[in-house]
Amino acid sequence: LRKGLFHLLFVALLTIVTQVGGVIYLFALLIRGRFRFGRLQLLFLFGSIYLVFTFTVIPLSASLTGRKPLPLSGDLRPLNFMTVLLNRHYVNEDLKKVIIKVNSDFAEKYPESSLNYLDANFPFWDGFPLFPHLSHDDGKKLDLAFQYKEQHTGIASRAPSIIGYGVYEAPKSGEDDYPEICERKGYWQYGLLGHLIPNSGQYIVDEDRTIFLINQLIRQEKISKIFIEPHLKRRWGFENESKIRFHGCQAVRHDDHIHLQIN
Ligand SMILES: [Zn+2]
């Protein structure tokens, strides 16, 4: 019984984190039943099937049902390859077209930097949320990392947070401070990640490139909403941009990444 419970928990965890992993694990269990594999062999079997599926079966079948994987390398790429390994890099066709267009404009202006994406959506099933982002459930949402540079050399770089989230471009004194406001209202999750993610300390936001990127996003007709923290909206000169909204205290801080969504 205890074994059964363990398998069940593992299936639940894999489903929450990767969507498809739970089913693949059940599949591996089924195969193991025929061959009397031990625990290590089971894990190896699961890992192999999972990887093969992640790079072949899943992108193909997701495309048939309306979602496409974002590019794995090049100018537009995952900030952290785990995003791809966990199958969290799927968007619908419209969003893929939009972001590829934004990327080509961006790459033309800044050929030395890349556009780094964070969490997108799972491959299948509208309404299945990409934990912990409850709204990323329909192929129409995407998070992008800010643009960063090395503090001392100014060279374009990846991000101070290894996952792209959790290292904040915090409000300065006198600016709108929603992290403070939301925390006071009792939304303890709002800035939670900041306590968990270490700052590598070598990189700072490149405002020119980040502002250019946000401007390109605003210009895309299909993009309906963009979330960044209110103090950055003002600091970066976007006060009058109606597409840039405040996401609300029930979400998390958006002074570490850009959230965008299409109609
Ligand atoms: Zn988002």
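Bear in mind that the values here come from a model prediction, so they are computed numbers and not experimental data. For ligands, and for the atoms within them, numbers begin at 1 and follow the listed sequence.
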Is the NZ or CZ atom of Arg32 both under 6.0 Å from the centre of the six-membered ring of Phe37 and within 45° of that ring's axis?
no
Has the side chain of Gln189 got a donor or acceptor atom that lies under 3.5 Å from a matching backbone atom of Gln250?
yes
Test Phe146 against every option in Tyr168, Phe212, Tyr117, Trp236 by the ring pair (Phe, Tyr, Trp, His ring centres under 6.0 Å) rule and name the one that passes.
Trp236
Under 2.8 Å from the Zn ion (ligand 1), is there an N/O/S atom belonging to Asp119?
no
Could you please compute the angle at the Zn ion (ligand 1) from NE2 of His136 to ND1 of His259, rounded to 10°?
100°
To the Zn ion (ligand 1), the closest N, O or S atom belonging to Asp143 is OD1
Considering all heavy atoms of both residues, which atom of Ala120 and which atom of Val91 are nearest to each other, and what is their separation?
CB-CG1, 3.9 Å
